[in-house]
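The residues of the chain are indexed from 1 along the displayed sequence. Side chains are part of it too, since the values below use all heavy atoms of this structure and drop only hydrogens, waters and symmetry mates.
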Amino acid sequence: EAATLNLVGSIINQLPDELRRQPIESYYDRIVDDIIDTRLTAEAALASELGNNPLLLELAQRASDRVLAEAWLNDEIQDRITDDMIQQRYQELVADTGSRDEIKARHILVGSMEEAEAAIGRLKSGEDFSDLAKELSTGTSGPNGGDLGYFGRGAMVPEFEEASFTLEKGQYTETPVQTQFGWHVIKVEEVRPFTPPSFAEMRNRLSGEATREIVETYLNDLRDDVAVERFNLDGSKVTQ
């Protein structure tokens with residue numbers, strides 16, 4: 001009787017929220033009837049020739065294995081994932097916010113170091129960076145004054161990134177920067193500090209990541225303890 005009541009409770013927990021919000025009396029009898037009908041028809045199937053069908057027996061074993069595996073993993077995960085663990089992961093995530101700052105920059109792209117140096121000279125004499133980019137830059141952003149918008153680390157080629165993120169707001173490179181695309185003069189117009197999401201916003205994601213890592217660790221440990229033979233579709237053995 002207790003096992004049956006537990007089964008009813010488990011089925012109720014899996015019902016859609018809109019149904020569970022209704023009085024339990026409105027669906028309790030239907031759940032019990034479904035349990036009874038399923039048990040009776042399963043017993044009838046076992047008593048028939050289907051009871052000896054190898055594929056059906058394998059499928060039944062797989063369903064049983066999956067229920068047991070998920071229940072066991074769930075217990076292990078609940079023991080391992082604590083508030084302290086999730087909080088520590090959050091602190092590690094937001095510890096180095098500086099590396100995720102974004103900058104808004106413009107650049108002038110030309111074909112030689114001499115042209116870039118000439119552009120820098122004109123900037124030092126007071127000419128406007130955007131106007132010079134429109135006049136001189138061969139890059140696709142030239143007509144837009146060299147505007148590259150906001151970008152973070154990893155968005156640009158390494159040489160461009162290294163030079164850009166050493167500049168402060170309002171500064172431009174006083175030495176031409178060479179990349180695979182040519183020679184650049186870069187100006188940083190804005191720095192947008194990275195604002196980490198709150199712990200509440202990140203909690204579910206961090207918990208999900210921890211869950212996947214724990215499950216993967218357990219499964220790898222289980223595999224290490226047994227010898228598993230794998231076969232291809234044609235029946236040939238997979239060689240390691």
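A donor-acceptor pair under 3.5 Å is formed between the side chain of E201 and the backbone N or O of S198. Counting only distance, with no hydrogens or angles, the side chain of Q171 and the backbone of K187 share no donor-acceptor pair below 3.5 Å. Checking side-chain atoms of T38 against main-chain N and O of D34 turns up a donor-acceptor pair under 3.5 Å.
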Test log, rule salt bridge (Lys or Arg N to Asp or Glu O under 4.0 Å), inputs E213 and R80: CA-CA 11 Å; E213 290 174 13; R80 290 280 302 277; over 6 Å; no
Please walk me through it: do D147 and S141 pass side-chain contact (heavy atoms from CB on, under 4.5 Å)? CA-CA 6 Å; D147 188 9; S141 64; 5.7 Å; no
Given E162 and R153, is the salt bridge (Lys or Arg N to Asp or Glu O under 4.0 Å) satisfied, shown in steps? CA-CA 9 Å; E162 183 179 356; R153 294 184 184 273; over 6 Å; no
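Going from atom CD of E76 over to atom CD1 of I81 covers 11.5 Å, rounded to the nearest 0.5 Å. With rounding to the nearest 0.5 angstrom, the CD1 atom of I35 is 7.0 Å from the OG1 atom of T4. To the nearest 0.5 Å, atoms OG (S164) and CD (E159) are separated by 11.0 Å.
Looking at E216 and R212, no side-chain N of the basic residue comes within less than 4.0 Å of a carboxylate O on the acidic one, giving no salt bridge. A salt bridge between E70 and R66 is present, with a side-chain N of the basic residue lying under 4.0 Å from a carboxylate O of the acidic one. Under 4.0 Å is where a charged nitrogen must lie from a carboxylate oxygen, and between E135 and R122 at least one such pair does. Salt-bridge formation is not detected for the pair D65/R62: no Lys NZ or Arg NE/NH1/NH2 atom is positioned less than 4.0 Å from an Asp or Glu carboxylate oxygen. Ion pairing between E190 and K104 fails under the 4.0 Å rule for side-chain N and carboxylate O.
For the pair R203 and Y90, the cation-pi test (distance below 6.0 Å, angle within 45°) is failed.
If you chain together ILVMFWY residues whose side-chain heavy atoms come under 4.5 Å of each other, I108 ends up grouped with V110, M113, I120, L123, F129, L132, L136, Y172, W183, V185.
For CD of E168, the number of neighbouring non-hydrogen atoms (other residues, nucleotides, ligands) closer than 6.0 Å is 12 at most. Atom CZ of R20 is surrounded by more than 12 heavy atoms from other residues, nucleotides or ligands within 6.0 Å.
Nearest heavy atoms, T166 versus A163: OG1-O, 2.8 Å. When all heavy atoms of R106 and S130 are compared, the pair lying nearest together is NH1-OG, 3.8 Å.
L233 is linked by a side chain to side chain contact (heavy atoms under 4.5 Å, CB included) to nothing, counting only residues two or more places apart in sequence or in another chain. Not counting sequence neighbours, the partners of I24 by the side chain to side chain contact (heavy atoms under 4.5 Å, CB included) test are I12, Y27, Y28.
Taking the six-membered ring where the residue is Trp, F151 and F160 present tilted rings, their angle falling between 30° and 60°.
Both M85 and V94 are members of a single hydrophobic cluster when ILVMFWY side chains are connected at heavy-atom separations under 4.5 Å.
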